[in-house]
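These notes concern the structure reproduced below.
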Number of protein chains: 2
Amino acid sequence: MSLRHATLGLLVEMDGASGYDLLKMFEITMGNVWQATQSQLYGELNKLTTDGFIEVASEGPRGRKEYRVTEAGHGELRRWLLEVPPKVVRRDEILLRLFFLGQVEPDEAAGFVREQVVALDKRLADLGELENTINWDDANLSFYGRLAMEYGKRFMTMRREWYEWVLGEMAERDAVKE
Amino acid sequence: MSLRHATLGLLVEMDGASGYDLLKMFEITMGNVWQATQSQLYGELNKLTTDGFIEVASEGPRGRKEYRVTEAGHGELRRWLLEVPPKVVRRDEILLRLFFLGQVEPDEAAGFVREQVVALDKRLADLGELENTINWDDANLSFYGRLAMEYGKRFMTMRREWYEWVLGEMAERDAVKE
DNA sequence: CAGCTCATGTAATACGTTACATGATTAC
DNA sequence: GTAATCATGTAACGTATTACATGAGCTG
C-alpha cells in the first residue's frame, strides 16, 4: 500500500498537483526511493478520491484535475508515517545473480561484476547531475530530499567498493586454483 | 521472472530438492537476497515443470516430490545469468517515510529514525548468528554465499552510519531554529 | 494417540507492468 | 497546420500476499 502514501506525501509537499505533475515528480525526485508507472498512479488517484483521502480541487484545460489532500488524507499519512511498521522487502536481482555465479566460468563471472561497476558509475554520475538540476525551493523537500540523496550516494559508493572487493576475492580464488 | 531463476539456481546448488526443502533454503540463505512465500514457490515449481526446466526425479513419503533441473533448465539459468540485463527495482519503504518526515514534529521524526537504528542492530546481530549457523559445505554456495553475506553486512553498516548522520543533521537543524 | 513437522495445494485479493487508446492545447 | 506536450484512462497479463485446506508420517 505504499504507492498510496507516496502519492499522499508528494501531494502534500507539492501543495496540490495533477496526476501528470505527480508523475514527473516521481521520476525526478523519487527515482531512488519509489518507482511508479503512469497507469498505476492514475488508478491510485481515483482510489484515493473514492476513499476520501484526496479531492479534485479544480479542473483545468485538457481534462486536467488538480488534486488536493483532504483532512482524512493528512490523518492517513500521519498514521502511516508513525504507526505502521515499515515492511522491508528484500529482492535484489544483482545479488541474486551473484549468488549463482559459481555456475558459470570464472572469467564470465568476473565480467558480470565488471559490467555492474560500469552501470553503477553511470548511475552515480546521473545522480550528481540530478542534484544540480533539482530546484530545492520547498523547505521540507529540500531537507529530507537531501538526506535521501545522500543515502543514494552512500549506497552506490558502498556497492562500488563491495564490487571491487568481490573482484579481488575472485582473482585470489582463481590464482589459488592454478 | 526472478523467482523462477532463484528457484532454478538453488535447485542446482542443492543438487535436487523438494518444494519444502527449497522453502527452508529461501528462508535461511536467501533472506537478504530474494524472498519467496510458500504459495508462490509451489506454483512456480509446477510452472517450471510444465515448461520443462525441472522434473520430478523421485517421489517420497507424504507426497514429497524431489525436483531436479533438466538440461533445458541449466541452459535457461545460464542464459539469465549472462544475457538478461538485471532489472533494478528501487522501492524502499523506510527511505520513502524519511522523505516525508517533515510532515510530523521534529521529535517524532527523530524517534522514527532511532527506531530504525534499533531494528537494524537487531538484524545485524541476526546476520552474525546466521553466519555461524550455516553449513558452508558446498564450494560454490560457500564462496558466493559469503560474498552475498559480506554485502549484507556492509549494507547494514552503511545504513547505520547514515542514520547516525541523519540524526546529526536533524539535531543541527532544530538547534538553528531556536 | 496426540501433537508436531513434513508436505503440497488452491482461492481471493492486491499490486505492478506493458501496451493500447484517445484527445485537447500549445508552440512554432 | 502539424508536431510536441499535456493529460487521462483502460485492458490484459504477470507477480506477490494472505488465508484457508488437507493429509501423511514421525515422536513421545
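Residue numbers start from 1 in every chain, and the chains themselves are labelled A, B, ... in the order their sequence lines are given, proteins ahead of strands.
Looking at heavy-atom distances under 4.0 Å, A/Gln35 makes no contact with the nucleic acid at all. Using a 4.0 Å heavy-atom cutoff across all strands shown, B/Ser18 reaches sugar-phosphate atoms only and no base atom.
Separating the CG atom of A/Leu23 from the P atom of C/dT17 is a distance of 12 Å, rounded to the nearest angstrom. Here C/dC15 presents its P atom at 14 Å from CG of B/Leu96, a figure rounded to the nearest Å. Rounding to whole angstrom units, OH of residue B/Tyr20 and P of C/dT5 are separated by 8 Å. In this entry the distance linking CZ of B/Arg64 with C1' of C/dT5 reads 13 Å, nearest Å. Distance CD (A/Gln40) to P (C/dT18): 11 Å, rounded to an integer number of Å. Between A/Glu44 atom CD and C/dA14 atom P the separation is 12 Å, expressed in whole Å. Remark: P of C/dG16 and NZ of B/Lys87 are 12 Å apart, rounded to the nearest angstrom. Whole-Å rounding puts the A/Arg4 CZ to C/dC15 P distance at 8 Å.
Annotation for B/Gly31 and A/Arg90: closest pair O-NE, 3.1 Å, computed over non-hydrogen atoms. Taking all atoms of both residues into account, the shortest heavy-atom contact from B/Tyr67 to B/Leu11 is O-CD2, 3.7 Å. Of all the heavy atoms in B/Ala6 and A/Phe100, the pair that sits closest is O-CZ, 3.5 Å. The shortest heavy-atom contact between B/Leu8 and B/Gly73 is CD1-O, 3.9 Å.
For A/Trp80, the ring-ring contact (aromatic ring centres under 6.0 Å, His included) criterion is met by A/His5, not counting sequence neighbours. Partners of B/Arg123 under the salt bridge (Lys or Arg N to Asp or Glu O under 4.0 Å) rule, at least two apart in sequence or in another chain, do not exist in this structure.
Of the charged side-chain nitrogens involved, none lies within less than 4.0 Å of a carboxylate oxygen, so that A/Glu169 and A/Arg173 do not count as a salt-bridged pair. Salt bridge status for B/Arg97 with B/Glu93: present, with a side-chain N to carboxylate O gap under 4.0 Å. A salt bridge links A/Glu66 to A/Arg64: at least one charged side-chain nitrogen sits closer than 4.0 Å to a carboxylate oxygen. Checked for salt-bridge contact, B/Glu164 and B/Arg160 meet the test: a charged N lies under 4.0 Å from a carboxylate O. Note on A/Arg146 versus A/Glu150: no salt bridge recorded, every NZ/NE/NH1/NH2 to OD/OE distance being 4.0 Å or above.
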For nucleotides 24-28 of chain C, list the nitrogen or oxygen atoms of the protein found under 3.5 Å from its nitrogen or oxygen atoms, one pair per line.
{"residue": "C/dT25", "atom": "O2", "partner": "A/Arg62", "partner atom": "NH1", "Å": "3.4"}

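Using modelled atom types, one finds a donor on one side chain and an acceptor on the other under 3.5 Å when comparing A/Tyr151 with B/Arg159. If you check the side chains of A/Asn46 and A/Thr49, you find no donor sitting under 3.5 Å from an acceptor.
Residues B/Lys65 and A/Met1 each lie close to DNA chain C; by heavy-atom proximity, the contact nearer the 5' end of the strand is made by B/Lys65.
Contacts between residues 45-52 of chain B and DNA chain D, defined by a heavy-atom separation below 4.0 Å, involve no residue at all.
Interface limits on DNA chain D: the 5'-most and 3'-most nucleotides within less than 4.0 Å of chain A heavy atoms are D/dT5 to D/dT17.
At least one test fails for B/Arg4 against the ring of B/Phe53: distance under 6.0 Å to the centre or angle within 45° of the axis.
Axis angle across the helix from C/dC1-D/dG28 to C/dC28-D/dG1, with five pairs used at each end and values rounded to 10°: 20°.
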